[in-house]
A.B. asks: 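What follows is a single structure, and I will ask about it in a moment.
All heavy atoms count here, side chains included; hydrogens, waters and symmetry mates do not. When a ligand or atom number is given, it counts from 1 through the structure's own listing order.
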Amino acid sequence: MAGVNPATSQDYEEDKRKIAAVIPYYAFKGIDRFYDISGLLLSPALLRRTIEILVERYKGMAIDKIGGFDARGFLLGTPLALELDIPFFMLRKQSKLPNSVTGDSYTKEYEGDDGKGGDALCISRTAINPGDKVLLVDDLIATGGTLLAGLDLVHARQGVVVEAACMIELGFLEGGKKVRERNPNVTVWSLLSEDHLQTRGLPPGTGGTSTAGSACASDGKC
Ligand SMILES: O=P(O)(O)OC[C@H]1O[C@H](OP(=O)(O)OP(=O)(O)O)[C@H](O)[C@@H]1O
Ligand SMILES: Nc1ncnc2[nH]cnc12
């Protein structure tokens, strides 16, 4: 099958279950289910397994550069790039990088930080050589606004996005569908969907978090 690495034909069901169990959701930023990857980062074994799964998928694929989205995409993209020995570049929020080019503003599942509800991304002018085959990496795709903005920016720099890897794809928002429709040559690969992510986060101060028993108030102020 075009674009599909045979190593990924396995479905990783046991891994998915374990990884999903450490990604609870909270009401946050005006949405009911904000999935928090803090628990995954706190588990070296599960984080390592997540990176291994990505390595299994992308080893042997023709990729010149890996681009990670600010900020959570850096956490997965950088170790993947190191394991595969492929250069990594950042898709940063606007005004965070010198010598950079900035794309159009975009919207996502919740309000961005530009003061008008949106966000914009920039990449270093040194990041991409024309014709570079690029893998984009993020933790999550919701509305697809972020990923579409990243694709446009890489294409504007004459890079060729071969695939986008997101650990989580929220199907109900149809972001992945939108990206696939607009970029038929780009495979959008994801490990988990909202169907796997059924762990409700505990209310602040009720245990199971590092703030339990601390001097921090339930509104998070310490
Ligand atoms: O598909 P979308 O609706 O565009 O949403 C997905 C994006 O939103 C989050 O990033 P955010 O901009 O909140 O940055 P962060 O990683 O710094 O939290 C997430 O990490 C994705 O990048
Ligand atoms: N529901 C969600 N949870 C975590 N990060 C997100 N980014 C966009 N939507 C998100």
A.B. asks: Between atom OG of Ser193 and atom CD of Glu169, what is the distance when rounded to the nearest 0.5 Å?
C.D. replies: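 One finds 8.5 Å between OG of Ser193 and CD of Glu169.
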A.B. asks: Can you tell me if Leu173 has a non-hydrogen atom under 4.0 Å from ligand 2?
C.D. replies: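 Contact absent.
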A.B. asks: When you look for protein heavy atoms under 4.0 Å from ligand 1, which residues do they belong to?
C.D. replies: Asp70, Ala71, Arg72, Lys93, Lys108, Glu109, Tyr110, Asp138, Asp139, Leu140, Ile141, Ala142, Thr143, Gly144, Gly145, Thr146
A.B. asks: To the closest 0.5 Å, what do you measure between OH (Tyr35) and NE2 (His196)?
C.D. replies: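 Going from the OH atom of Tyr35 to the NE2 atom of His196 covers 12.0 Å.
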A.B. asks: Got a donor-acceptor contact below 3.5 angstrom from the Asp70 side chain to the Gly73 backbone?
C.D. replies: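 Not a single qualifying donor-acceptor pair exists.
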A.B. asks: Which option wins on minimum heavy-atom distance to atom 9 (N) of ligand 2: Arg33, Arg72, Glu109?
C.D. replies: Glu109
A.B. asks: Taking 4.0 angstrom as the limit and counting only heavy atoms of Ala142, give me the atoms of ligand 2 inside it, by number and element.
C.D. replies: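 Selected atoms, number and element: 8 (C), 9 (N).
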A.B. asks: Check the orientation of Phe88 and Phe74. Use parallel for under 30°, tilted for 30 to 60°, and perpendicular for over 60°.
C.D. replies: perpendicular
A.B. asks: Is there a salt bridge (Lys or Arg N to Asp or Glu O under 4.0 Å) between Lys108 and Asp119? Walk through the geometry before answering.
C.D. replies: CA-CA 8 Å; Lys108 59 188 177 197; Asp119 270 320; 2.7 Å; yes
A.B. asks: Note the single closest protein heavy atom to atom 7 (N) of ligand 2, along with its residue, its atom name and the distance in Å.
C.D. replies: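 Residue, atom and distance for the closest contact: Tyr110 OH, 3.2 Å.
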A.B. asks: Enumerate, atom names and distances included, each donor-acceptor pair closer than 3.5 Å involving a side-chain atom of residues 135-148, sequence neighbours excluded.
C.D. replies:
residue, atom, partner, partner atom, Å
Asp139, OD2, Arg72, NH1, 2.9
Thr143, OG1, Gly145, N, 3.2

A.B. asks: Going only through I, L, V, M, F, W and Y residues with side-chain contacts under 4.5 Å, is there a path from Leu76 to Ile37?
C.D. replies: yes
A.B. asks: Relative to the heavy atoms of Leu170, which atoms of ligand 2 are at a distance of less than 4.0 Å?
C.D. replies: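 Result: 1 (N).
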A.B. asks: Please answer: with hydrophobic residues joined when any side-chain heavy atoms are less than 4.5 Å apart, are Ile168 and Val188 in the same cluster?
C.D. replies: no
A.B. asks: For residues Met61 and Val161: do they belong to one hydrophobic cluster (side chain heavy atoms under 4.5 Å, members Ile, Leu, Val, Met, Phe, Trp, Tyr)?
C.D. replies: no
A.B. asks: Which residue owns the protein heavy atom closest to atom 3 (N) of ligand 2, what's the atom, and how far is it?
C.D. replies: Tyr35 N, 2.9 Å
A.B. asks: Heavy atoms only, cut-off 4.0 Å: how does Ile31 contact ligand 2, side chain, backbone, both, or neither?
C.D. replies: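 Answer for Ile31: side chain.
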A.B. asks: Examine the proximity of ligand 2 to Asp139 and report which part, side chain or backbone, both or neither, has a heavy atom under 4.0 Å away.
C.D. replies: neither
A.B. asks: Look only at the side chain of Glu194 and the backbone of Phe172, and say whether a donor-acceptor pair between them is shorter than 3.5 Å.
C.D. replies: yes
